[in-house]
Amino acid sequence: MSLNHVRPWRNIYRRKSRQIMVGNVPVGGDAPIAVQTMTNTLTTDVPGTIAQVQAAAEAGADIVRISVPDQASSKALKEIVRESPVPIVADIHFHYKRGIEAAEAGAACLRINPGNIGDRTRVAEVIRAARDHNCSIRIGVNAGSLEKHLLEKYGEPCPDAMVESGLEHIKILQDHDFHEFKISVKASDVFLSAAAYQQLAEATDAPLHLGITEAGGLVSGTIKSAIGLGNLLWMGIGDTIRVSLSADPVEEVKVGFEILKSLGLRHRGVNIISCPSCARQGFDVIRTVEILEKRLEHIKTPMSLSIIGCVVNGPGEALMTDVGFTGGGAGAGMVYLAGKASHKMSNEQMVDHIVEEVEKKAAELESLPSAAE
């Protein structure tokens, strides 16, 4: 990643990991941190699942995971993969044959849970299918489904137990000369997850899939994920992330990108900087931001917008953004372009005007040779 020599306190030094491919998406090495989500439709509902995959991709998902619990789902997966705009990871639990079928159906990656996939012979068959069909594997260790011998050894799920489980299964894959794998050590406990990932990061150079599993609803799950994943990413740990929310998968993608954007690790869409509002505000900040978030969802170009209610912090924030609006008096405020005061605009017309200015700036940025996410 490029270093910020002017503001070195913004630098994040990413852990060096091997790079693998999940379909056409590189994971690890110096590749951008990939954002994932998972469908929550019945996999056998092919139109519904495809629609959800497409919505997630439109929101920015690089990879989408789909559960494959039975043979009918394996059959449906083939059609879903064919229509998907992004690589599909097949989520496999208990039935190793589903892993084989998913590889045959065109899945780009198989997620297997070492605690419930079966003995080494069955795992070996899944590995063989993955190799034969150019499919990577994610070893998905979960605190809630650790192997019995590890629970007996450690007494309860703990970082040592989770990392030992992961390393045991890494060895199985490596013993079969299979190296296209990534690994996760997830727990619903933020402390447990973070400690396990830190320990794992030192024990292997495999790409790490980050997640706080069963994080909760939209608000509580977002906060837990931001704390857990944010701290790990800030430390340079993590090559792909999935935010697990009891919510629409599109919301998972949005939260994932916001976490990465806040750390300067990915840039996509409009980053809105806004004040919480107070009695000094010259317009309804909260309502305005709510409307702008919806109306600017179509913008994929990385850029910044400041919406500040008054002149206390407004001009200063506008100096650092592409487009800005600061509340003033008499029902109008100041529009800032490229950090400089440009012209006044009435509160009644400002939303439409800001959208126009953002779209204009996005088009300008898109026309530059270096325009990219």
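Heavy-atom basis, side chains included; hydrogens, waters and symmetry copies ignored.
- Between the CG atom of N142 and the OG atom of S184 there is a distance of 8.0 Å, given to the nearest 0.5 Å.
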Exercise for review: Determine, step by step, whether V141 and H169 satisfy the side-chain contact (heavy atoms from CB on, under 4.5 Å) criterion, reporting the C-alpha distance in whole Å, the side-chain angles of both residues, the deciding distance to 0.1 Å, and the verdict.
Suggested key: CA-CA 9 Å; V141 177; H169 285 81; 6.0 Å; no
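- No chain of hydrophobic side-chain contacts below 4.5 Å, direct or via other Ile, Leu, Val, Met, Phe, Trp or Tyr residues, connects V89 to V250.
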Review point. Given the rule in the side-chain contact (heavy atoms from CB on, under 4.5 Å) test, do L292 and V270 qualify, once you have shown the distances and angles that lead to the verdict?
Key: CA-CA 10 Å; L292 286 171; V270 182; over 6 Å; no
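- Between A56 and T37 the shortest heavy-atom distance is CB-CG2, 3.7 Å.
- Y336 is not listed as a side-chain neighbour of T321, based on a closest heavy-atom distance of 4.5 Å or more.
- Under 4.0 Å is where a charged nitrogen must lie from a carboxylate oxygen, and between E83 and K78 no such pair does.
- Side-chain atoms of S193 come within 3.5 Å of backbone atoms of A187 as a donor-acceptor pair (strictly under, hydrogens ignored).
- Remark: L150 CG to E156 CD distance equals 13.0 Å, nearest 0.5 Å.
- We find the CD-CE distance between E356 and M350 to be 14.0 Å, quoted to the nearest 0.5 Å.
- When atom types are taken as modelled, the side chain of E252 and the backbone of L245 share a donor-acceptor pair closer than 3.5 angstrom.
- A donor-acceptor pair under 3.5 Å is formed between the side chain of S367 and the backbone N or O of E364.
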Point to revise | Intermediate values then yes/no, side-chain contact (heavy atoms from CB on, under 4.5 Å), I137 and E180 | key: CA-CA 6 Å; I137 288 177; E180 286 292 301; over 6 Å; no
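- More than 12 heavy atoms of other residues, nucleotides or ligands lie within 6.0 Å of CD in Q174, so this atom counts as buried by the packing criterion.
- Between K182 and C109 there is a side-chain heavy-atom pair separated by less than 4.5 Å.
- The closest donor-acceptor contact from the side chain of Q54 to the backbone of P85 lies at 3.5 Å or more, if one exists at all.
- Note that the CD1 atom of I127 and the CG atom of D132 stand 12.0 Å from one another [nearest 0.5 Å].
- Hydrophobic clustering keeps V53 apart from L42 (ILVMFWY residues linked when any side-chain heavy atoms are closer than 4.5 Å, directly or through intermediates).
- A 4.5 Å side-chain heavy-atom check between Y197 and N231 finds every atom pair outside the cut-off.
- Between G28 and Q19 the shortest heavy-atom distance is O-NE2, 3.0 Å.
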Check your understanding: R295 and D352: salt bridge (charged side-chain N to carboxylate O under 4.0 Å, His left out), yes or no, with the steps?
Key -> CA-CA 9 Å; R295 291 194 55 181; D352 288 339; 2.6 Å; yes
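- By the 4.0 Å N-to-carboxylate-O rule, D177 lies too far from R131 to be salt-bridged with it.
- Note on R98 versus E101: salt bridge recorded, some NZ/NE/NH1/NH2 to OD/OE distance being below 4.0 Å.
- Checking side-chain atoms of S17 against main-chain N and O of G29 turns up a donor-acceptor pair under 3.5 Å.
- Here the closest non-hydrogen pair linking I212 and S188 is CG2-O, 3.9 Å.
- Checking side-chain atoms of D322 against main-chain N and O of L337 turns up no donor-acceptor pair under 3.5 Å.
- Using a 4.0 Å cut-off between a side-chain N of Lys or Arg and a carboxylate O of Asp or Glu, E168 and K171 do not qualify as a salt bridge.
- We find that D62 and R266 are joined by a salt bridge, their nearest charged nitrogen and carboxylate oxygen being less than 4.0 Å apart.
- Residues I237 and L208 form a side-chain contact, since some pair of their non-hydrogen atoms from C-beta on lies under 4.5 Å apart.
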Point to revise | Pair D70-S73, side chain to side chain donor-acceptor pair (under 3.5 Å): steps then yes or no | key: CA-CA 5 Å; D70 49 40; S73 297; 2.7 Å; yes
Point to revise | Audit row: E357, K360, salt bridge (charged side-chain N to carboxylate O under 4.0 Å, His left out) steps and yes/no | key: CA-CA 5 Å; E357 292 291 353; K360 189 188 304 180; 3.8 Å; yes
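- Tested against P87 for a side chain to side chain contact (heavy atoms under 4.5 Å, CB included), the candidates V64, V25, V27, V81 yield a single pass: V25.
- If you take CG on L146 and CG on L151, they are separated by 5.0 Å, rounding to the nearest 0.5 Å.
- With contacts defined as side-chain heavy-atom distances shorter than 4.5 Å, the pair R138/F181 does not qualify.
- Taking 4.0 Å as the cut-off between side-chain N and carboxylate O, K300 and E58 count as a salt-bridged pair.
- Looking only at side-chain heavy atoms (C-beta outward), D160 and Y154 come within less than 4.5 Å of each other.
- The two residues C275 and I308 make their nearest non-hydrogen contact at N-CD1, 3.8 Å.
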Practice item. Report the C-alpha separation of Q71 and H95 in whole Å, then their side-chain angles, then the decisive distance to 0.1 Å, and conclude whether the side chain to side chain donor-acceptor pair (under 3.5 Å) test is met. Key: CA-CA 10 Å; Q71 196 168 18; H95 301 290; over 6 Å; no
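- Looking at V68 and L77, their side chains come closer than 4.5 Å, going by heavy atoms from C-beta outward.
- Follow the hydrophobic side-chain contacts under 4.5 Å out from I273 and you never reach L319; the two are in separate clusters.
- Panel note: side chain S225, backbone G221; a donor-acceptor pair is recorded below 3.5 Å.
- In this structure the side chain of T240 never reaches within 4.5 angstrom of the side chain of P207, judged on heavy atoms.
- With respect to E164 and K153, a salt bridge is recorded, a charged nitrogen being found less than 4.0 Å from a carboxylate O.
- When the side chains of ILVMFWY residues are joined at heavy-atom separations under 4.5 Å, either directly or via intervening members, V243 and V22 end up in two distinct hydrophobic clusters.
- Separation of atoms CG (N271) and CZ (F257) is listed at 13.0 Å; rounding is to 0.5 Å.
- T49 contributes no side-chain N or O that, together with a main-chain N or O of V46, makes up a donor-acceptor pair within less than 3.5 Å.
- Side-chain N or O atoms of T326 include none that pairs as donor or acceptor with a backbone N or O of G333 at under 3.5 Å.
- Defined by atom type and a distance below 3.5 Å, a donor-acceptor pair is present between the side-chain atoms of S165 and E147.
- Stacking of R128 on the aromatic ring of F178 is not recorded, the 6.0 Å distance cut-off and the 45° axial limit not both being met.
- In this structure, S84 contributes its side chain and I80 its backbone to no donor-acceptor pair below 3.5 Å.
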Practice item. Using the side-chain contact (heavy atoms from CB on, under 4.5 Å) rule, take R122 and K97 through it: C-alpha gap first, then chi angles, then the decisive distance, then the call. Key: CA-CA 8 Å; R122 291 182 171 181; K97 287 185 178 179; over 6 Å; no
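- In summary, R15 and D239 engage in a salt bridge, as defined by a charged side-chain N under 4.0 Å from a carboxylate O.
- Neither M38 nor V35 shares a network with the other; the hydrophobic side chains, linked directly or stepwise wherever heavy atoms of I, L, V, M, F, W or Y lie under 4.5 Å apart, form separate groups for each.
- In terms of heavy atoms, R268 sits closest to K261 at O-NZ, 3.2 Å.
- The nearest pair of heavy atoms linking A206 to I183 is CB-CG2, 4.2 Å.
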